[in-house]
Amino acid sequence: MTDPVSRPTNFIRHIIDKDLTDGVHDHVATRFPPEPNGYLHIGHAKSICLNFGIAEDYEGTCNLRFDDTNPEKEDIDFVNSIKQDVQWLGFQWQGKELYSSDYFDQLHGYAVELIEKGLAFVDFSSQDEIREMRGTLTAPGVNSPYRDTAVTENLMHFEKMKNGEYAEGECCLRAKIEMTSAFMCMRDPVIYRIKFAHHHQTLDKWCIYPMYDFTHCISDAIEGITHSLCTLEFQDNRRLYDWVIENISIECIPRQYEFSRLNLEYTVLSKRRLIQLVDDNHVSGWDDPRMPTIAGIRRRGYSPASIREFCQRIGVTKMDNMVEMSMLEACIRDELNANAKRRMAVLEPVKLVIENFSNDEWLDAPNHPVNEEMGTRKVPFTKEIFIEADDFREQANKKYKRLVLGKEVRLRNAYVIKAERVEKDENGNVVCIYCSYDADTLGKDPADGRKVKGVIHWVSASHALNAEVRLYNTLFTVPNPAAEEDFAGTINPQSLVVVNAKVEPSLLEFEPLQGIQFERQGYFCRDVDTTDDKLIFNRTVELRDSFAKFGS
RNA sequence: AGCUCUGUGGUGUAACGGGUAACACACGUGACUUUGACUCACGUAUUUCAGGUUCAAAUCCUGACGGAGCUGCCA
């Protein structure tokens with residue numbers, strides 16, 4: 001065992017440390033067990049980082065196991081996307097990916113064992129009858145009339161279930177536990193049901209499928225999982241998990257520990273709501289950059305390392321939580337601030353003419369403000385340029401540090417200019433700003449000691465490339481949309497704002513998803529749909545801004 | 001109402017029963033700055049409440065109050 005110091009500790013690691021020092025285990029084996037019925041999201045990332053992170057730090061193993069016991073809801077496309085997302089996050093599971101369905105034969109055998117022990121029975125009650133007999137949270141349940149069927153008869157019925165001799169819903173296999181238990185899941189839970197469904201792994205071999213509670217614990221035991229980590233809503237199920245393990249002939253005793261699931265402000269993470277967002281076309285798809293899915297976050301421009309860092313920062317407890325979006329944003333900003341090349345892009349252009357400038361030149365501009373190893377690029381400087389409309393005011397108070405009529409400002413990576421006059425359209429909007437420039441200010445302050453406070457970005461009008469820039473904001477207008485009666489009603493109409501921008505020519509050299517900083521704006525990346533003919537940039541996250549937000 | 005779990009700055013977490021409750025994010029103030037970025041400095045908590053045990057309590061005990069989960073042939 002290595003010293004698990006690379007990640008912050010948590011209560012689960014304390015348990016593992018104790019198990020290791022007490023000799024309960026001499027190794028650690030975890031697993032990430034998604035059901036292949038949807039796309040992974042940031043909440044899954046928390047579980048992935050927890051399970052794989054523990055395996056890494058304790059030099060143990062972590063399996064990827066698809067919990068595929070409900071063929072009606074599952075699909076091979078989901079298993080493929082899940083595998084891809086786990087690997088993209090930077091993790092590799094132990095050996096080949098596993099499936100609960102790999103154990104269907106063994107599971108069936110253990111079910112037979114329970115029947116033989118008089119601990120399971122085939123129930124022919126209807127679903128409604130079973131529900132009524134289950135009782136409520138405060139009222140105990142009552143025994144099914146089939147509860148005392150003879151073992152031989154149960155064996156026969158279960159065999160017929162397996163052979164397809166009963167219709168779906170006609171009967172099911174139940175564990176015989178305790179109908180008066182305070183834990184609802186212990187009131188003779190169904191452990192096998194009939195489904196004449198095609199399974200993506202076992203095809204048409206089975207028409208009976210084991211339930212989660214019966215499957216998961218046995219799968220863990222078969223794989224030798226030492227610590228089975230899941231979310232809080234399975235706390236009650238732990239009693240059933242332990243009951244099954246204790247009542248079948250299996251050596252390994254895995255233990256289940258529950259942690260709280262992630263809640264992120266201004267988004268939703270429940271599968272049901274995510275599906276609704278896609279189905280109702282509130283977003284363009286599962287990989288829409290506004291989605292909290294791994295695919296969406298990836299397309300938004302987040303790196304695997306930034307998500308791993310996020311999962312590390314939020315920690316793991318059993319407390320209910322609501323993590324601020326700023327926590328996630330800080331993670332990608334930290335990484336991109338260090339690694340992303342700087343570029344200039346004008347999102348809402350207004351023309352500016354430098355009247356006393358004539359000969360075009362190509363200026364050297366550093367790719368990073370402090371890391372010189374990142375080199376420089378050439379930027380065309382011409383008589384006509386574009387600047388951000390929001391970076392000019394005819395008049396402003398001293399707090400405004402940008403270009404003001406009659407005042408000076410520094411053009412980033414270039415000269416100091418002074419606004420002399422403006423040209424307006426019939427509506428009074430500024431359509432062109434006429435300036436003069438100080439030729440002796442390239443790479444240095446004015447020789448006479450004048451102080452020029454502001455710096456604005458710009459791009460040559462004749463060399464600029466047109467680009468579609470997608471400005472993403474929070475998908476919802478409220479911190480906890482899931483708490484709303486109609487969460488879709490709180491979707492942010494400004495969650496995507498598309499602008500036609502002017503960008504510097506060197507932006508052509510970037511690969512899709514590669515992080516870039518548009519100076520003074522934020523971090524962006526070329527969208528996966530971008531081409532050299534049609535440049536599309538996604539805003540990953542804005543820069544921190546201690547001044548008032550831009551108008552965009 | 002029954003059972004289970006859970007209450008530490010604005011948010012997320014940390015703290016062998018022992019030092020002025022630590023860290024990150026956020027926020028505020030100031031410095032620096034050819035990004036209103038970055039960086040740096042400083043600031044923000046009677047650990048839900050009330051008792052109790054102890055030389056010593058966020059930590060242990062009791063009670064109260066708050067929050068979450070559980071009544072699929074879903075996972």
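Only heavy atoms go into these numbers, but all of them, side chains included; no hydrogens, no water, no symmetry mates. Letters go in sequence order (proteins before strands), and every chain restarts at 1.
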Query raised in the report: RNA chain B: A:Arg342 or A:Ala182, which has the more 5' nearest nucleotide?
Result: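 Its nucleotide being nearer the 5' end, the pick is A:Ala182.
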Query raised in the report: When you match A:Met319 and A:His368 each to their closest nucleotide on RNA chain B, which lands nearer the 5' end?
Result: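 By nearest-heavy-atom nucleotide position, the 5'-most residue is A:Met319.
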Distance-only donor-acceptor test (3.5 Å): side chain [X], base [N]:
{"X": "A:Gln517", "N": "B:U35", "answer": "yes"}
{"X": "A:Arg402", "N": "B:G36", "answer": "yes"}
{"X": "A:Arg410", "N": "B:U34", "answer": "yes"}
{"X": "A:Arg238", "N": "B:U4", "answer": "no"}

Query - Residue pairs fulfilling salt bridge (charged side-chain N to carboxylate O under 4.0 Å, His left out) with at least one residue in residues 323-339 of chain A, sequence neighbours excluded - result: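 Passing the test, one end in residues 323-339 of chain A: A:Arg313-A:Asp334, A:Glu329-A:Arg333.
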Query raised in the report: Distance check: side-chain N/O of A:Arg193 vs OP1/OP2 of B:G72, anything under 4.0 Å?
Result: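 A:Arg193 to B:G72 OP1/OP2: no side-chain N or O under 4.0 Å.
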Requested in this report: Compare side-chain N and O positions of A:Thr138 against OP1 and OP2 of B:C3 and report whether any pair is under 4.0 Å apart.
Outcome: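 No, outside the criterion.
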**Report entry** Stem segments of RNA chain B by first residue number [Watson-Crick or G-U, under 3.5 Å, at least 3]
**Finding:**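 So the stems come out as B:2-7 with B:65-70, B:10-13 with B:22-25, B:27-31 with B:39-43, B:48-52 with B:60-64.
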Report task. Would you please test A:Tyr241 and A:Asp220 for side chain to side chain donor-acceptor pair (under 3.5 Å) and show each step? Result -> CA-CA 10 Å; A:Tyr241 183 105; A:Asp220 283 342; 2.7 Å; yes
Requested in this report: Give one of base, sugar-phosphate or nothing for A:Asp236, where a contact means two heavy atoms less than 4.0 Å apart.
Outcome: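 If one applies the 4.0 Å heavy-atom cut-off, A:Asp236 turns out to touch a base.
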Report task. Could you tell me whether the side chains of A:Asp123 and A:Ser125 share a donor-acceptor contact shorter than 3.5 Å? Result ->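 Yes - a donor-acceptor pair under 3.5 Å links their side chains.
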**Report entry** A:Ser100 versus A:Asp67, side-chain donor and acceptor atoms under 3.5 Å
**Finding:**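 Short answer, yes.
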Query raised in the report: Where the side chain of A:Met327 is concerned, which of B:A75, B:G36, B:U11 is the nearest nucleotide?
Result: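 Selected nucleotide (nearest to the side chain): B:U11.
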Requested in this report: Could you please name the option among B:C74, B:G69, B:U11 that lies closest to any side-chain atom of A:Glu324?
Outcome: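 Closest nucleotide to the A:Glu324 side chain: B:U11.
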Query raised in the report: Taking the C1' atom of each, how far is B:C49 from B:C16, in whole Å?
Result: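 One C1' to the other, the span is 28 Å.
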Query raised in the report: Under 6.0 Å from the NZ atom of A:Lys318, do we count more than 12 heavy atoms belonging to anything else shown?
Result: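 Correct, the count exceeds 12.
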**Report entry** Heavy-atom closest pair, residues A:Arg187 and A:Arg174
**Finding:**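 Result for this residue pair: O-NH1, 3.6 Å.
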Report task. Give a yes or no on whether the backbone of A:Met344 and the side-chain of A:Glu504 come within a donor-acceptor separation of less than 3.5 Å. Result ->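 Yes: the side chain of A:Glu504 pairs with the backbone of A:Met344.
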